[in-house]
Amino acid sequence: MLSVKWLRENVEVMKESLAKRKTEADLDSFLRWDGERRRCTREVDELKYLQNKKSKQISQFKKESKDAVDLINGMQHLAAKIKKLEKRKKELDNKVTDFLLNFPNRLHPDVPWGENVEVRRWGKIPDFNFPVKDHQEIGEHLGILDFKAAAKITGSGFVLCKGLGARLERALINFMLDMHIKKGYEEVLPPFMTNTSSTMGTAQLPKFKDELYKLDKDDYYLVPTAEVPVTNIHREEILKEDKLPVYYTAYTPCFRREAGAYGKKIQGMIRVHQFNKVELVKFTTPETSYDELEKLLQDAEEVLQKLGLAYRVVKLCGEELGFAASFGYDIEVWLPSQKKWLEISTCSNFESYQSRRASIKYREKLTGKTRYVHTLNGSGLAVGRCVVAILENFQDEKGNVRIPEALAPHLGGVEIIERG
RNA sequence: GGAGAGGUGACUGAGUGGUCGAAAGUGCACGAUUGGAAAUCGUGUGGGGGGUUAAAAGCUCUCCCGAGGGUUCGAAUCCCUCCCUCUCCGCCA
């Protein structure tokens with residue numbers, strides 16, 4: 001979230017941010033609550049000062065075995081008054097906090113208005129001299145994707161990977177993780193459920209609770225992305241500046257209710273309630289976070305390069321950018337069946353939005369002061385969608401699929417998936 | 001699931017109703033000492049929110065001893081609820 005102080009003093013700046021996002025917020029109410037809150041705080045503080053002073057006198061009297069009855073008289077009245085005011089103060093505190101928790105991050109000035117802006121393309125969009133099939137058709141034909149079985153086991157919006165389909169997912173996960181560790185990311189395998197505080201820390205709560213699977217008997221949520229558990233590794237910590245930047249990579253399944261997507265046609269495994277993803281997470285100083293974002297983006301891109309899949313990078317416009325992000329890119333892979341680009345990674349800089357929520361700071365060596373770190377993350381990459389892209393881009397006329405060379409060592413040397 | 005123990009500052013750890021935001025030690029930072037270092041000595045060393053300020057620094061008030069309530073003129077200390085950690089038993093991959 002944003003700092004109250006900053007928001008109070010930068011309402012006009014924020015209005016532009018909101019307009020870019022095409023959202024609205026009741027900033028007037030916020031300012032009113034905040035003003036009243038401060039008046040109330042001041043009053044409470046003054047009364048407490050009085051109370052503390054008298055308490056000390058009482059204590060002194062008792063020590064000297066003097067009668068303190070006169071002093072104690074009237075204190076009850078004061079205590080009651082304070083209690084009443086504190087209740088009001090708490091209400092106002094809550095209003096301000098709730099507002100901030102539901103208020104999006106400020107945008108970096110470079111975030112475009114209107115539509116996403118293409119930054120670059122890589123690779124050659126494949127030409128097919130035969131009618132292309134979509135991944136669902138190919139997957140079912142090859143017997144490696146089974147949507148019917150998944151629907152029976154669980155329900156719609158799930159997929160069962162079989163045989164080489166399952167092995168392909170597993171190979172991709174290992175392939176990606178191995179690449180990232182070489183770049184200095186520390187691999188972590190976090191819990192796949194998070195508590196309320198953690199889920200609040202990365203801003204999935206309170207605003208997006210409908211997107212999450214919540215456990216009934218425990219106060220836990222299934223992770224919608226590894227971002228949640230991994231960023232919270234350092235919740236309520238003060239890191240040493242020497243330690244920064246910190247890089248993590250993690251594989252987790254991701255669970256999403258996709259509550260808003262029911263009306264849309266769900267295409268095969270492009271949008272499912274459970275998918276695998278390898279995530280990249282960084283903690284940096286404010287000074288380096290934008291350089292680190294570029295590097296993170298490159299690390300994610302490199303996965304597609306090694307796989308030989310054509311993609312483009314777009315700078316996200318205000319409307320498309322996530323609630324907690326200041327700035328970000330999407331990587332989109334080419335999807336032959338739709339002749340469209342498909343989002344396969346989002347790389348974002350959250351600046352201090354998450355770190356303030358989760359209280360993740362570092363001690364600045366020069367001044368000895370604490371500052372909020374900047375948090376960044378990006379998919380590196382969404383594994384299921386990678387499978388989709390591989391099936392479609394590397395299909396042949398017979399419906400067989402060539403496996404990218406780079407993946408071979410992780411797939412026991414398999415070069416092609418054929419109908420078995 | 002049952003029984004017990006415990007949660008205090010970056011860390012270890014004292015503190016059971018009044019001047020305790022909290023002893024002591026460790027660590028860390030700065031300074032002295034040294035050719036340099038170690039050792040030693042000295043000084044300093046948490047966070048949130050207000051006020052003062054154009055702003056910062058500084059000064060000042062207030063809150064924070066797992067979280068939330070309560071008792072009291074006054075709570076780290078007493079009471080209640082919840083959460084977490086550890087040990088033993090049970091169950092179990």
Side-chain angles (χ1 to χ4, degrees), chain A residues 1-10 12-13 30-101 189 191-201 205 214-215 217-221 229 232-244 246 283 352 355-373:
Chain A
M1 58 182 161
L2 299 171
S3 111
V4 207
K5 209 173 190 170
W6 185 87
L7 184 55
R8 183 192 302 151
E9 288 160 8
N10 292 276
E12 289 311 312
V13 178
F30 162 76
L31 288 173
R32 214 174 50 242
W33 292 327
D34 178 52
E36 202 188 328
R37 182 187 127 261
R38 280 191 291 163
R39 282 193 294 279
C40 199
T41 303
R42 192 173 182 172
E43 204 174 338
V44 169
D45 282 2
E46 278 166 6
L47 290 175
K48 288 215 164 187
Y49 173 58
L50 206 68
Q51 188 182 41
N52 289 341
K53 220 163 83 179
K54 289 206 170 174
S55 275
K56 278 176 191 169
Q57 281 175 12
I58 292 169
S59 148
Q60 193 62 37
F61 267 51
K62 295 234 162 169
K63 209 173 247 176
E64 291 163 10
S65 311
K66 284 200 257 178
D67 189 9
V69 172
D70 287 348
L71 280 171
I72 291 173
N73 280 341
M75 288 291 275
Q76 220 159 357
H77 178 70
L78 183 63
K81 198 171 166 188
I82 290 172
K83 204 171 221 175
K84 200 176 148 195
L85 263 171
E86 271 194 318
K87 203 181 151 195
R88 177 66 187 149
K89 174 171 142 47
K90 183 135 204 184
E91 280 169 21
L92 290 161
D93 279 343
N94 288 341
K95 277 189 179 178
V96 170
T97 307
D98 284 352
F99 179 87
L100 289 172
L101 285 174
L189 184 61
F192 298 161
M193 301 173 207
T194 54
N195 59 29
T196 299
S197 300
S198 294
T199 319
M200 195 81 85
L205 283 179
K214 170 137 188 350
L215 272 70
K217 288 187 178 163
D218 303 279
D219 187 24
Y220 299 151
Y221 297 83
N232 278 285
I233 290 173
H234 296 299
R235 179 158 52 87
E236 283 155 47
E237 284 184 14
I238 300 170
L239 305 169
K240 285 192 176 156
E241 190 177 354
D242 303 348
K243 265 189 84 177
L244 299 177
V246 177
F283 300 81
S352 57
S355 58
R356 184 171 281 109
R357 279 182 174 238
S359 188
I360 308 170
K361 303 179 188 178
Y362 74 99
R363 194 170 300 283
E364 200 175 45
K365 206 158 188 181
L366 198 67
T367 60
K369 300 215 164 193
T370 56
R371 298 174 76 192
Y372 287 107
V373 300

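Just so it is clear: chains get the letters A, B, ... in the order the sequence lines come, proteins before strands, and each one is counted from 1. Heavy-atom basis, side chains included; hydrogens, waters and symmetry copies ignored. Not measured: the values here are computed from a predicted model.
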Could you pull out the protein-nucleic contacts involving nucleotides 59-65 of chain B (nitrogen or oxygen on both sides, under 3.5 Å)?
unit_1	atom_1	unit_2	atom_2	d
B/U62	OP1	A/Asn52	ND2	3.0
B/U62	O2'	A/Asp45	OD1	3.1

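- At a threshold of 4.0 angstrom between heavy atoms, the contacts of A/Arg371 with the nucleic acid are absent.
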Which atoms of nucleotides 80-86 of chain B (N or O only) lie under 3.5 Å from a protein N or O atom, and what are those distances?
none

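- In this structure A/Tyr372 satisfies the ring-ring contact (aromatic ring centres under 6.0 Å, His included) test with no other residue, sequence neighbours excluded.
- Residues of residues 87-99 of chain A that place a heavy atom closer than 4.0 Å to RNA chain B, in numerical order, are A/Lys90.
- When each of A/Lys361 and A/Val4 is assigned the nucleotide of RNA chain B with its nearest heavy atom, A/Lys361 is the one assigned upstream, toward the 5' end.
- Qualifying salt bridge (charged side-chain N to carboxylate O under 4.0 Å, His left out) partners for A/Asp98, counting only residues two or more places apart in sequence or in other chains: none.
- A/Arg38 is linked by a side chain to side chain donor-acceptor pair (under 3.5 Å) to nothing, counting only residues two or more places apart in sequence or in another chain.
- Taking the ring-ring contact (aromatic ring centres under 6.0 Å, His included) definition, one finds that A/Phe283 meets it with A/His234, sequence neighbours left out.
- Every residue two or more places apart in sequence or in another chain that forms a side chain to side chain contact (heavy atoms under 4.5 Å, CB included) with A/Glu36 is listed here: A/Arg39, A/Arg88, A/Leu92.
- Under the rule for a side chain to side chain donor-acceptor pair (under 3.5 Å), the partners of A/Glu86 that lie at least two apart in sequence or sit in another chain are A/Lys48.
- Listed by chain and residue number, nothing satisfies the side chain to side chain donor-acceptor pair (under 3.5 Å) test with A/Asn52 (two or more places apart in sequence, or in another chain).
- A/Ser359 comes within 4.0 angstrom of no nucleic acid atom, judged by non-hydrogen atoms across all strands.
- Residues satisfying the side chain to side chain contact (heavy atoms under 4.5 Å, CB included) criterion with A/Leu50, sequence neighbours excluded, are A/Leu78.
- Residues forming a side chain to side chain donor-acceptor pair (under 3.5 Å) with A/Arg8 (at least two apart in sequence, or on another chain): A/Asp34.
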